[in-house]
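Step one of this worksheet: look at the structure below.
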Amino acid sequence: MSLQLINGEKLVAATHNAGKAREIEALLGGRFEVISAGSLNLPEPDETEVSFVGNAILKARHAAKASGTVSLADDSGLSIDALNGDPGIFSARWAGPYKDFDRAMEIIHLKLDQAKAENPDAFTPRAYFTCALAVAWPEGHAVVFEGRIYGQIVKPRGDKGFGYDPIFQPDGYDITFAEMTPDAKDAISHRHLAFAQLKTHLF
Ligand code: IMP
């Protein structure tokens with residue numbers, strides 16, 4: 001079988017978030033008819049893997065098997081060196097059921113203050129965003145691509161973007177993701193890097 005994506009093909013986005021499905025359609029350049037797993041009423045699997053790549057493959061395989069259609073899933077998050085990689089794959093869960101990212105960013109800064117007080121010489125504000133993108137075929141084959149962007153954690157600045165954008169300042173910039181225009185962020189982000197690899201390998 002061919003591990004390629006054909007223009008015009010139907011693709012299931014393994015998400016129950018309609019906004020994310022639209023974003024995926026746009027990132028694929030409108031070449032595919034993207035249907036969300038939510039609109040097909042597919043059940044959401046538990047994200048039981050321990051890495052972004054593992055969870056992306058799990059979600060893509062689950063949707064491909066349930067729908068009988070090529071499926072794409074992403075898993076992303078923020079990993080902070082001084083917190084041993086947290087929040088990592090739990091990035092969404094740290095914001096709680098009400099998706100309170102102001103609180104999640106406050107908790108991160110409290111934990112960083114603690115880490116700095118405990119070990120000032122070894123302290124580093126280094127962090128990175130990861131996006132793992134998996135494509136799975138109903139027969140069970142899967143491929144995965146990972147994009148990362150490195151930078152540092154700063155006090156929250158800016159009101160654009162979403163999630164942890166206000167506390168992430170990418171290397172080479174003096175503004176945070178939340179201070180960038182959406183186009184500027186999209187041109188360098190972990191998501192952009194993962195989609196660029198996917199396009200190179202599967203188109
Ligand atoms: P997922 O939808 O399960 O992959 O959860 C990803 C979580 O990681 C989101 O809820 C955000 O908290 C965080 N995240 C991922 N990408 C970004 C980004 O580009 N900016 C800010 N936060 C992000």
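Whatever order the structure lists ligands and atoms in, that order sets their numbers, starting from 1.
Using a 4.0 Å cut-off between charged nitrogen and carboxylate oxygen, Lys20 and Asp74 count as a salt-bridge pair. Ion pairing between Lys59 and Asp75 holds under the 4.0 Å rule for side-chain N and carboxylate O. With salt bridges taken as basic N to acidic carboxylate O contacts below 4.0 Å, one links Glu146 and Arg148. In this structure, Arg157 does not pair ionically with Asp165, as no charged nitrogen and carboxylate oxygen lie closer than 4.0 Å. Ionic pairing of Arg31 and Glu9 is not present here: no N-O contact between side-chain nitrogen and carboxylate oxygen is shorter than 4.0 angstrom.
Between Asp165 and ligand 1 there is a heavy-atom distance shorter than 4.0 Å. Residue contacts with ligand 1 include Phe101, since one or more of its heavy atoms lies under 4.0 Å from the ligand.
Looking at atom 7 (C) of ligand 1, its nearest protein heavy atom turns out to be Ser76 O, 3.8 Å. When only non-hydrogen protein atoms are considered, atom 19 (O) of ligand 1 lies nearest to Lys185 NZ, 2.7 Å. Nearest non-hydrogen protein atom to atom 2 (O) of ligand 1 is Lys20 NZ, 2.8 Å.
Checking only distances, Tyr164 does come within under 3.5 Å of ligand 1, N or O to N or O. Residue His190 has at least one nitrogen or oxygen atom sitting less than 3.5 Å from a nitrogen or oxygen atom of ligand 1, judged on distance alone. Considering both main-chain and side-chain atoms, Asp74 never comes within under 3.5 Å of ligand 1 through any nitrogen or oxygen pair.
Between Phe32 and Phe203, the angle of the ring planes lies from 30° to 60°, which puts this pair in the tilted group.
Using a 4.0 Å cut-off between heavy atoms, Phe129 contacts ligand 1 through its side chain alone, with no backbone atom that close. Using a 4.0 Å cut-off between heavy atoms, Lys99 makes no contact with ligand 1 at all.
Annotation for Ala142 and Ile57: closest pair CB-CG2, 4.3 Å, computed over non-hydrogen atoms.
Within ligand 1, the atoms closer than 4.0 Å to a non-hydrogen atom of Ala92 are 5 (O), 7 (C), 10 (O), numbered from 1 in the order shown.
Note: Tyr150 and Phe168 fail the aromatic proximity criterion, with ring centroids not under 6.0 Å apart.
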